[in-house]
Amino acid sequence: MEEVSFVGGSRVGWVNASWPLAKLTASAHQLRLSGFGTYEFTEQDVVSFEHYGFIPVLASGIRIIHNRTDYPAKIVFWCMGSRTSVLEKIRAVGFRPLGTDVPRSQGFAIRWSVAILATLLWNVLFFADHWLKPLEAHPLLGPFALLALLTVFAISSALPRSVALQHVVLEPGHSIGEIKPFLRLLQIVTGFLSVGLVASLLFTHI
């Protein structure tokens, strides 16, 4: 089956990935964007394509207007070359948007009460080491900061798998798929920071 592919960047929901962290692949009946996760579309899933951004090279993209409510509404592929050329090559392999638009739940996917509580707990834990011990005596982040990082890592890992947790965190009418890219980014960032902080704490006690 003939297909074309392009390397570039992407924006999926709130998460932006620069070149060359994303790949767009098209064949006659499927469009696939991979980067922080993989997003696949049939011709019936795609309503249309539109130009997105206006700064050549830095912000020149193609937005995929789609009707999959389990994906973030905003999905953009950042092109390194001509986006017109990219669209022409997608059409050349036979992919045609045939989908119809569907209504979506508007607004923030996460409950504001949950977001505010999480922010407060994060700040309390992250700065507890400095409140309990002066900064001059303890320049490195300590166990409370590590607890904050591990808590975020655990919740972002459990949320896609736990329906009960999703009911607590998500606003009614919203899907976990809308925030999956953000959760993956949280896992990566907090995972690396946790490993680095553990190594720092162990090194200071050697």
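As the structure is a computational prediction, the values presented were derived from the model and not from experiment.
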| field | Flag side-chain contact, heavy atom, 4.5 Å: R111 against P172 | value | yes
| query | Is there a donor-acceptor contact under 3.5 Å from the side chain of R83 to the main chain of E50? | reply | no
| said: For C79 versus V86, what's the shortest heavy-atom pair and its separation? | reply: SG-CG2, 4.1 Å
| remark: Value for CG (L117) from CH2 (W122), rounded to nearest 0.5 Å, stands at 14.5 Å
| said: Quick check against the 3.5 Å criterion: does N67 have a side-chain atom that pairs as donor or acceptor with the backbone of Q44? | reply: yes
| field | Heavy-atom check, side chain of V47 versus side chain of L98, under 4.5 Å | value | no
| For the student: nearest non-hydrogen atoms of P181 and Y39, plus distance | CG-OH, 2.9 Å
| field | Shortest non-hydrogen contact from S156 toward F153 | value | OG-O, 3.0 Å
| query | Do you know the tightest heavy-atom contact between V93 and A26? | reply | CG2-O, 3.9 Å
| message | Would the distance check show the side chain of S162 and the main-chain N or O of A158 forming a donor-acceptor pair, the cut-off being under 3.5 Å? | response | no
| message | Please check this pair: side chain of H51 against backbone of S60, looking for a donor-acceptor N/O pair closer than 3.5 Å. | response | no
| said: Quick check: do F49 and L31 have side-chain heavy atoms less than 4.5 Å from each other? | reply: yes
| query | Going from OG1 on T151 to CG on L125, what distance comes out if it is rounded to the nearest 0.5 angstrom? | reply | 6.5 Å
| Would a 4.5 Å heavy-atom cut-off, applied to side chains only, mark F6 and K23 as touching? | no
| F41 and I75, any side-chain heavy atoms less than 4.5 Å apart | yes
| Student check: side-chain heavy atoms of I62 and V76 closer than 4.5 Å | no
| field | Distance (rounded to the nearest 0.5 Å) between F95 CZ and L87 CG | value | 11.5 Å
| Counting only heavy atoms not in F108, do more than 12 fall under 6.0 Å of its CZ? | yes
| query | Does G13 offer a backbone N or O that forms a donor-acceptor pair with the side chain of R11 under 3.5 Å? | reply | yes
| query | Any donor-acceptor pair under 3.5 Å linking the side chain of S10 with the backbone of V12? | reply | no
| query | When rounded to the nearest 0.5 angstrom, what is the spacing between CD in E40 and CD in Q30? | reply | 4.5 Å
| task | Decide whether E3 and T25 meet the rule of one side-chain donor and one side-chain acceptor closer than 3.5 Å. | result | no
| field | Side chain proximity check, I65 to S48, heavy atoms < 4.5 angstrom | value | yes
| field | Distance-only polar pair, side chains of Y52 and K74, donor-acceptor under 3.5 Å | value | yes
| message | Whether the side chain of T38 engages the backbone of S34 through a donor-acceptor N/O pair (distance < 3.5 Å, no angle test) should be reported. | response | no
| message | Is it true that, when you exclude W19 itself, more than 12 heavy atoms of the residues, nucleotides or ligands shown sit nearer than 6.0 Å to its CH2? | response | no
| query | Rounded to the nearest 0.5 Å, how far does CG of L159 lie from CD of Q166? | reply | 5.5 Å
| message | Looking at R68 and V46, would you say the former's side chain and the latter's main chain have a donor-acceptor pair under 3.5 Å? | response | no
| With a 4.5 Å limit on heavy-atom distance, are the side chains of W14 and I179 in contact? | yes
| remark: Residues H174 and S105: closest non-hydrogen pair is CE1-O, 3.3 Å
| said: What's the separation between atom CZ in F36 and atom CG in L185, rounded to the nearest 0.5 Å? | reply: 5.5 Å
| query | Within the side chain of Q106, is there an N or O that forms a donor-acceptor pair under 3.5 Å with the backbone of R104? | reply | yes
